[in-house]
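Hydrogens, waters and symmetry mates are skipped; everything else that's a heavy atom, side chains included, is used. Ligands are counted one by one from 1 in listed order, and the atoms in each one are counted from 1 as well.
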Amino acid sequence: MNSALYFEGSSEGLTELANQPVAGPITEPRSEPDHAHVVIRDVHKTYSTGTVKVEALKNINLTIGRGEIFGIIGRSGAGKSSLIRTLNRLEDVTSGQILVNNIDVGSLRERDLVTLRRRIGMIFQHFNLLHSKTVFENLALAMKAAGVRDKAAIRQRIDELLALVGLEGKAQVYPSRLSGGQKQRVGIARALMLKPKLLLCDEATSALDPETTHSILSLLKDIRDKLGLTIILITHEMSVISEICDRVAVLEQGEVVESGPVWKIFSQPQHEATRALLAPLRKDLPDALLADLKPKPVHTGSRAVVRLTLAGSGQKELPLHLLASLGTDTKLLQSDIEYVQGHVMGRLLVSLPTEDGKLPESFSTPVFSDTEVLGYVTPSA
Ligand SMILES: Nc1ncnc2c1ncn2[C@@H]1O[C@H](COP(=O)(O)OP(=O)(O)O)[C@@H](O)[C@H]1O
Ligand SMILES: [Mg+2]
């Protein structure tokens with residue numbers, strides 16, 4: 001085993017592989033962007049158990065750029081794990097092609113496949129640490145398995161990585177003494193031991209509480225920025241996607257139903273599955289308001305309750321004068337705004353007096369991508 005392959009230089013260790021011609025016919029012409037790191041072409045995956053066949057992936061086509069954090073979201077059973085596992089060939093595709101670094105993963109023989117897998121880091125929901133081994137031993141294992149015998153090199157790499165993931169001083173601790181977030185930090189360090197350029201994350205934060213999730217996602221982003229990694233992460237949580245992904249693909253019953261920059265998918269979700277996944281991020285109407293809401297004005301003093309959606313206008317902030325221009329008798333009932341990739345998104349709930357449901361001209365500014373009269377309330381006083 002040539003350990004130099006893994007440790008020399010920060011550039012692709014797989015240059016030998018990369019320089020080989022891609023085996024097998026590739027349907028041309030089909031130009032991919034120069035910076036493509038992972039290309040998924042016409043991928044189908046069918047599981048056959050006895051006479052039962054499950055079509056887990058259907059006609060998947062995606063190109064993931066170098067240095068991107070690419071999210072794949074979908075409900076349980078959508079095919080996310082199947083898809084991510086085809087990238088390092090933990091699963092074979094039934095048809096189609098996966099190119100990593102322009103290498104046709106399906107064409108690799110066992111030895112080259114092992115090399116490729118070492119160059120692709122992977123982290124898991126349940127961390128997959130060996131509980132009878134210390135943090136140090138867990139990490140060392142990744143290098144020993146790759147044939148590295150140089151103890152000083154192993155120790156140095158472990159020190160570097162523990163510092164990177166914020167676990168200095170934990171080398172001799174057993175996993176059972178670590179919190180979930182710390183275990184995932186070890187998982188991340190282990191995935192990075194052999195200096196991969198691609199990191200796959202399978203529901204990496206799904207076992208963690210929101211605060212820990214946030215810290216792990218910040219760490220992943222930080223690592224991407226520092227090491228120039230490409231990260232592909234799968235999740236069923238839109239909040240994970242909005243926090244760190246550049247682009248996202250929505251998987252539903254084995255198919256990509258939409259994909260694009262995260263802010264766009266958030267602002268103009270096209271598919272029902274996407275809207276369902278976004279639903280937990282939406283604030284519901286306050287209960288008291290909901291109880292009083294009527295479909296028609298019942299009284300001359302009735303006020304229309306209007307939901308204003310801020311999304312997709314490219315607006316970077318929400319000027320307060322815009323709210324003022326909605327009228328002095330317009331009341332703000334609820335607001336929920338956040339930033340996704342620098343775009344202001346969210347919803348405002350306001351009420352205003354109107355007898356015929358007509359809204360003033362000032363409501364039709366393009367800043368509001370949607371204006372919806374939800375109903376009417378009659379103030380008690
Ligand atoms: N090894 C397997 N054998 C048979 N069916 C499988 C296997 N792995 C996954 N499936 C099926 O493939 C579909 C997609 O599963 P999976 O990729 O695990 O989805 P997700 O990760 O989105 O929850 C599901 O219907 C699942 O039951
Ligand atoms: Mg899964």
Side-chain angles (χ1 to χ4, degrees), residues 38-62 64 69-98 100 105-106 113 117 120-129 180 183-184 187-188 190-191 198-210 212-213 216-217 220 231-245 247-260 262 265 269-281:
V38 176
V39 179
I40 304 172
R41 275 188 192 157
D42 303 330
V43 161
H44 290 256
K45 169 78 188 173
T46 305
Y47 293 105
S48 307
T49 334
T51 54
V52 183
K53 285 195 190 312
V54 178
E55 254 192 295
L57 298 173
K58 300 167 205 165
N59 195 31
I60 308 283
N61 283 284
L62 291 170
I64 292 135
I69 302 185
F70 192 93
I72 298 169
I73 189 161
R75 299 186 257 214
S76 175
K80 305 180 297 292
S81 295
S82 300
L83 181 57
I84 207 164
R85 289 165 61 83
T86 61
L87 304 182
N88 54 0
R89 230 174 97 193
L90 290 176
E91 291 288 353
D92 279 312
V93 299
T94 306
S95 67
Q97 193 176 39
I98 306 281
V100 175
V105 170
L113 185 59
R117 283 195 187 135
I120 301 178
M122 192 160 189
I123 58 174
F124 306 89
Q125 179 173 0
H126 297 295
F127 326 122
N128 297 10
L129 302 176
K183 283 181 198 161
Q184 194 56 290
I188 293 169
R190 182 187 50 194
L198 175 61
L199 181 64
L200 308 179
C201 311
D202 188 343
E203 299 275 5
T205 55
S206 300
L208 305 173
D209 61 65
T212 313
T213 292
I216 293 293
L217 294 177
L220 288 174
I231 299 181
I232 302 178
L233 67 86
I234 66 177
T235 178
H236 63 277
E237 291 175 303
M238 273 293 187
S239 54
V240 168
I241 298 287
S242 74
E243 194 164 337
I244 63 162
C245 293
R247 287 191 303 144
V248 61
V250 182
L251 205 58
E252 170 76 353
Q253 296 187 349
E255 285 179 278
V256 173
V257 293
E258 58 185 307
S259 67
V262 170
I265 300 291
Q270 302 295 315
H271 197 274
E272 172 278 321
T274 317
R275 290 194 202 106
L277 289 159
L278 281 167
L281 296 188

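Ligand 1 has no atom lying under 4.0 Å from any heavy atom of Glu203. Judged by the shortest distance from any of its heavy atoms, Gly74 lies outside the 4.0 Å radius around the atoms of ligand 1.
In terms of protein heavy-atom proximity, atom 17 (O) of ligand 1 is closest to Ser82 OG, 2.6 Å. Residue, atom and distance of the protein heavy atom nearest to atom 18 (O) of ligand 1 are Ser81 CB, 3.9 Å. Closest protein heavy atom to atom 1 (N) of ligand 1: Tyr47 CE2, 3.6 Å.
The backbone N or O of Val105 sits less than 3.5 Å from a side-chain atom of Arg89, completing a donor-acceptor pair. In this structure, the side chain of Lys80 engages the main chain of Arg75 through a donor-acceptor pair within 3.5 Å. Gln184 places no side-chain N or O within donor-acceptor distance of the main-chain N or O of Thr205, the cut-off being under 3.5 Å. For the pair Lys58 (side chain) and Gln253 (backbone), a donor-acceptor distance under 3.5 Å is present.
Looking only at side-chain heavy atoms (C-beta outward), Asp42 and Ser95 stay at 4.5 Å or farther from each other. At a threshold of 4.5 Å between non-hydrogen side-chain atoms, the residues Gln97 and Val43 do not count as touching. The side-chain heavy atoms of Leu87 and Leu198, taken from C-beta on, include no pair separated by under 4.5 Å.
The only option from His126, Gln125, His236 that meets the side-chain hydrogen bond (donor to acceptor under 3.5 Å, both in side chains) definition with Glu203 turns out to be His236.
A salt bridge between Arg275 and Glu252 is absent, with no side-chain N of the basic residue lying under 4.0 Å from a carboxylate O of the acidic one.
Looking at Ala78 next to ligand 1, an N or O pair under 3.5 Å apart turns up. Close N/O approach between Thr49 and ligand 1 is not found [any backbone or side-chain N/O within under 3.5 Å]. Here's the thing with Gly77: one of its N/O atoms is less than 3.5 angstrom from an N/O atom of ligand 1. Between Glu91 and ligand 1, a contact under 3.5 Å exists for no N or O pair.
Contact record, Asp202 with Ser81: OD2-OG, 3.0 Å, taken as the closest heavy-atom pair.
Listed by number with element, the atoms of ligand 1 under 4.0 Å from a non-hydrogen atom of Arg75 are 22 (O). Each of the following atoms of ligand 1 lies closer than 4.0 Å to a heavy atom of Gly79: 14 (C), 16 (P), 17 (O), 19 (O), 20 (P), 22 (O). The Ser76 neighbourhood of ligand 1 comprises atoms 23 (O), with distances under 4.0 Å to a heavy atom of that residue.
Residue-and-atom listing of protein N/O/S atoms under 2.8 Å from the Mg ion (ligand 2), sorted by chain and number: Ser81 OG.
For atom 12 (O) of ligand 1, the nearest protein heavy atom lies under 4.0 Å away. Distance check for atom 26 (C) of ligand 1: every protein heavy atom is found at 4.0 Å or beyond.
Distance check: Glu255 CD to Glu55 CD gives 8.5 Å after rounding to the nearest 0.5 Å. The CG atom of Leu277 sits 5.0 Å away from the CE atom of Met238 when rounded to the nearest 0.5 Å. Note that CD1 of Ile72 is 7.0 Å distant from CG of Leu251, once rounded to the nearest 0.5 Å.
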